[in-house]
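Beneath this line is the structure, given in structure tokens, with notes to follow.
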Amino acid sequence: MRPVVPPLTRIRRKLVFLTLLAAFLILLPLSIFYAIGYRYDFTQPNPAITVTGAFYVFTDSPQAEIFVNDQRIENARTFRRAFYIQGLPPGVHRVHVQIPGMHTWVKELPITPHLVTEMEAFNVPLVPIVRYIPAYETADGRAVIPATASTTPSFFLASSSLLYTITTSTATRTLAINQEYRLLDELFLEKASTTAVLRAFEGVHHATTSSTSLSVATTTKERDGLRVYEQNGDIIVERLNQGEEPPHYFCHTAQAIEISVEEMDTYGTSTIPSRVPVESSECRTTIRMDRQGKKVHDFDFHPETPNLLLLQLDDGLYVVEIDDRTWQNSQPLYRGTTFEFILYRGGVFIKEGDAIFEVALQRTEG
Amino acid sequence: MKEKDTHRRVSLSKRGEKVYTRFYHCMNQETPRRLPYAERPDFHVGRATDLEGRQRLFYRFLEIVPGVASWGTLIGVVLLSIYVPFVAAYFVIAFALYWVLKTAFLSYHLRYNWKRLRHHMSLDWKNMVDRFSYGHLYHVVILPFYKEPREVVVASLEALKNVRYDSKKIIVVLAAEERAGDGAADILAQMHERYKDTFGHFLTTVHPADLPGEMAGKGSNASYAAEEVRTRILDPLRISYEEVLVSIFDIDTVLYPDYFNCLVWHFMTAENPLKSSFQPVPIFNNNIWDVPAISRVVAMSSTFWEMIQQERPERMATFSSHSVSFKALYEVGYWQKNMVSEDSRIFWNLLIANNGAYKVIPLSYPVSMDANGAPTLIQTFIQIYKQHRRWTYGVENLCYLLYHFTKNSAMPRRQRLALAFQQAEGYWSLVTNPIMLFILGWAPIFLGGQDFHQTVLSYNLPIMVRDLLILAMFGLVVSSVISLTLIPARPEGYSRFQYLVMAVQWIMIPATMIIFSAIPGLDAQTRLMLGKYMGFWVTPKNRES
């Protein structure tokens, strides 16, 4: 049997130490350069070090597929429900987020070296998904829809998995009153009367109290440091709390971006308008919403995020993003011409005629 | 000097050849004395208040330095993240990379010592020492105890009784504390009755309470016991101090059968056996199957650290159970009686008193001790925390050695500088590294401001740190495997599922490093910094099997 084993010799330990020290001295600058965006592209015919930037895309759906310049991004690192796509060369890149059965969200944004361009994608169902809220129910809980309704609600054109009965009878003694319908009906009535009061109040208030007022708002909504109001027919989003960090889309300024030679064929010009990041001290305070030349009948924040608005335009209810870099994505949530909507407990409810129903904001699984 | 008796000492040359050295044992030896440096009035300083004047101020300054350095580092990282987040981010990346490589470096040492340990445990040490003439050697085993249960004491003595060594050459000292009360006194009487004829001598001592200048604790008790041994056994029997090896064990220490043979082998082959301490590897196996997973992880981590240190003997100080010649002990006045971490302090006493010509010899042979376990999980957590706070209060030794390094110019300067740096770095990194790595690594991301937040660096920072930490965690696989080889066989009645738990439990390492290492260390350093000196806290022993 071997005799006792001595401890590691100092020479051997020193050798290991020096090897690891050398590894540290080599890896550290490489790590830092990688971390700040430098990349060495081995796949290029003439490999060179390039300075890159990144996209950071928020999306609510786990089924979302991210494409940059029409190439699907695989294994993009994920933070919570976001995609981080790094190693992108400077220039304008097209990002689109698609989900089966949903509208596609598209954005073209520039990549700035060493910087991350954030964006929030959203996808609304192609076919509106509604949940009809009947005024009455049968004893076994089945919704009852009167066939004598003066108008055919548009939701008949939408998707619903609710079982319902159409009745020609006007007798309701044998039916159960749906309390949810009653509550929502009252909320709609309340909103109608409140809006009228607010219109009167704010019209007087702004005329008599504000000497520098730029707007005479019909209604004003505030949420998470943002205020939305109507001004001369336009919807304006104003940033409150100037001292706090603003949403990223406020901190850009318009600038013509030079594009590559290949892209000139597409755009027919050497530069395209875009927005580039600015210092935090230069962030804007207001953004005007794109109402597509239509009249805005009503508006509110999206229940799930302050970065989206619900705009009721002439032909329907739209989800519109506040982020106005390049363009503002707008996706129809519900099409119709004569309806009202309210937000209640995180849901969007529509009243069309006597019918009330909830519109799904995203597609459920299955 | 009259030649009375001679014996050969065998050592190994660099080529592994046996070298026989004859030396002489003098009959009329001079009475051993304290070393000159140990005669200094400040040699056994425990805290600044033990000194006067400028020395006191200087020592107080040294007590403040570790806490300031640690807090300064932690606060500095936060401030750096706020005001210069880019620099903070670069520092975090560099630190994470350093951590990975350091883990690899330490893991290399750990694996080597693991192989060495297993090999040493397989050797027939009895056979190996038989080539020496060592019959003249005595072993004094000091077992200080306080209020530990009777069964803990019995287990240690039974293990001692069953070692593969001539028990008549073992002098056992069961050292009780007067302030422990009648319970301890009863145990003393029972153990004396039971073991008085088992060993060469079985001495029981009762350390008086409230002696002036002493802090209640293991150091004062052990020193009292050592002096009792000298006056009641060694001197009357004219046993030379050079021929006595003192082993001080915690009362829960269970010896492996060949401990003394292994110790004798290392003593007989050491270059300067009387200027060396001998350090075994503490493995907390006595109750490893009975304690919670968190306790096992913490205990095994301590074992691993000692195993790593065994491969770096020039950095070692003694820890917990260890052995040393009585002569060396006597020359420095035994263990200090006025401070907490007497197990490490004795080494620094010996090193400084011998002007740097003293070292620790790693035995790479285990002794088994108790892991922390209490009746409830919360109590276990508290006990582990307090124990580690006491261990990390060993930072008081840094103050001691820095103080005496400025006083003892006979010690080589290079050695002083190297040791000062190693010890300072050790106490600083113990406290700051886990916190910086697992908590403050995210500081630039949260505190960096918007201009930093929109950079690629701020997004890549958590990804890189996470990936580097995952890389470092591969070392846990090694730890897991090694720990499974060191634990005793599964007792009857314990599920095989426990093996899986023991393998997976290492996932708790990030949490234990912070909660039971860094934070108690910071607690201890802060107390020292503020002058809130700690006393000795006795770890309660609870053993089910």
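Reminder, nothing fancy here: chain letters follow the sequence lines and each chain counts from 1. Owing to the predicted nature of the structure, the values given are computational and were not obtained by experimental measurement.
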With a 4.5 angstrom heavy-atom cut-off, which part of [X] approaches chain A: side chain, backbone, both or neither?
X	value
E311(B)	both
Y112(B)	side chain
T455(B)	both

Contact class of T9(A) relative to chain B, heavy atoms under 4.5 angstrom: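 Contact with chain B: none, neither part.
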From the options F278(B), Y259(B), W265(B), select the one residue that forms a side-chain contact (heavy atoms from CB on, under 4.5 Å) with Y365(B).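 Of the listed residues F278(B), Y259(B), W265(B), the side-chain contact (heavy atoms from CB on, under 4.5 Å) partner of Y365(B) is Y259(B).
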Which of parallel (below 30°), tilted (30 to 60°) and perpendicular (above 60°) describes Y90(B) and F86(B)? tilted
Which of parallel (below 30°), tilted (30 to 60°) and perpendicular (above 60°) describes F105(B) and H109(B)? perpendicular
Start with the C-alpha gap between Q86(A) and R39(A), add the side-chain angles, then the distance that decides, and say whether side chain to side chain donor-acceptor pair (under 3.5 Å) holds. CA-CA 10 Å; Q86(A) 58 174 321; R39(A) 296 290 184 272; 2.4 Å; yes
